[in-house]
Amino acid sequence: MWSKRMMKQKIRLATFAMVGAIALAGCASDVIIFYPKASATKAADNVIDDIFGAPAAPITAVAPVVPPTVEVLKK
Amino acid sequence: MKKFLSFFLCLCFNSPFAFAATVEANLEIESPTIAVIKKSIAGRLAVLKPRFESRSIGLTRDGLVAIMKPDNIHPTERRTVEILVEEDNKDRATLYREIARANGRPDWEADLKRTFGERWINRAPMGWMIEDAPGIWKKK
């Protein structure tokens with residue numbers, strides 16, 4: 001059986017190991033970057049502003065011209 | 001031992017803060033590819049705008065465009081509108097993928113789609129059709 005002194009040593013060792021693991025986890029978490037919602041919202045707003053405000057670029061497909069109505073011709 | 005315990009507790013409580021400190025990151029949205037896609041969507045918007053205004057097409061929650069009422073579109077134009085919407089959705093999907101890629105986080109693509117979906121709906125002019133809840137459409 002372990003003596004009281006040995007038990008104390010084992011507990012201290014286990015505690016140190018636990019502290020080390022927590023410290024490592026803390027360091028590892030520094031490289032984890034969560035999805036930055038606020039920044040993404042700002043970025044999306046900027047992109048959407050550019051799209052809504054941008055001058056028209058050449059388009060790949062053109063809608064066919066609808067013949068004018070009788071009302072328009074009367075004018 | 002008391003000192004050691006206080007250090008241990010400090011470490012435990014500080015870890016979440018160290019974690020939170022890395023949360024903020026600025027998203028990169030300037031790249032040649034993104035610029036080209038933005039121009040392409042802007043150009044197409046000029047043609048699609050009357051369709052949004054007539055509520056033939058609407059904005060989905062995931063940042064895409066959907067045809068709402070095909071019957072509202074003149075039969076001769078229907079195919080053209082379908083092609084335009086298809087191309088627009090391709091561009092939009094590429095835009096979200098490119099932003100995720102430009103930031104070195106391709107896994108953010110789905111989140112970006114959702115964020116863009118929210119922002120498109122928020123910034124859309126009044127009267128446009130928007131997907132309020134999954135599958136539920138309403139006039140803004």
Side-chain angles (χ1 to χ4, degrees), chain A residues 4-73, chain B residues 1 4-5 7-8 11-12 14-29 34-48 50-51 63 74 76-77 79-81 83-84 87 95 99 103 105 107-108 110-112 114-120 122-125:
Chain A
K4 208 173 175 182
R5 194 163 153 263
M6 268 181 81
M7 277 290 278
K8 266 188 179 175
Q9 267 183 343
K10 297 260 179 212
I11 290 170
R12 199 170 291 165
L13 195 71
T15 316
F16 266 112
M18 210 161 73
V19 169
I22 291 168
L24 272 177
C27 291
S29 67
D30 283 347
V31 295
I32 296 170
I33 302 168
F34 285 118
Y35 174 66
K37 183 71 195 282
S39 173
T41 302
K42 207 173 154 190
D45 283 348
N46 288 338
V47 169
I48 293 167
D49 279 350
D50 284 350
I51 290 170
F52 274 135
I59 48 168
T60 49
V62 182
V65 178
V66 181
T69 59
V70 178
E71 269 184 12
V72 173
L73 288 174
Chain B
M1 194 66 186
F4 175 76
L5 261 177
F7 168 72
F8 174 74
L11 200 70
C12 287
N14 274 336
S15 298
F17 295 114
F19 202 77
T22 61
V23 167
E24 264 319 300
N26 279 322
L27 275 184
E28 176 62 56
I29 51 164
I34 293 170
V36 169
I37 301 165
K38 279 198 296 191
K39 264 196 169 177
S40 175
I41 297 174
R44 206 174 291 110
L45 185 68
V47 184
L48 288 177
R51 308 286 164 214
H74 195 276
T76 55
E77 295 175 45
R79 186 64 200 132
T80 311
V81 173
I83 292 169
L84 286 170
E87 285 176 350
L95 176 72
I99 295 174
N103 287 278
R105 295 299 301 257
D107 55 312
W108 283 352
D111 290 315
L112 279 165
R114 270 192 297 273
T115 304
F116 267 83
E118 284 169 20
R119 298 318 296 162
W120 274 113
N122 186 279
R123 309 288 281 236

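These numbers come from a predicted model, not from an experiment. Below, read A as the first sequence line, B as the second, and so on, with proteins coming before strands; counting in each chain starts at 1.
The minimum heavy-atom distance between B/F116 and A/I48, with the atom names listed, is O-CD1, 4.4 Å. Across every non-hydrogen atom of A/A40 and B/L112, the tightest pair is CB-CD2, 4.3 Å. Minimum interatomic distance between B/K38 and A/I51 (heavy atoms only, all atoms of both residues): O-CG1, 3.8 Å.
Proximity to chain A (any heavy atom under 4.5 Å) is restricted, for B/E118, to the side chain, taken from C-beta onward.
Contact count against chain A (heavy-atom pairs under 4.5 Å) is highest for B/T115 among B/T115, B/D107, B/L95.
Distance CG/B/N103 to OH/A/Y35: 10.0 Å, rounded to 0.5 Å. One finds the CZ atom of B/R119 at 6.0 Å from the OG1 atom of A/T41 (value rounded to the nearest 0.5 Å). Between atom CD1 of residue B/I29 and atom CG of residue A/N46 there is a gap of 4.5 Å, rounded to the nearest 0.5 Å.
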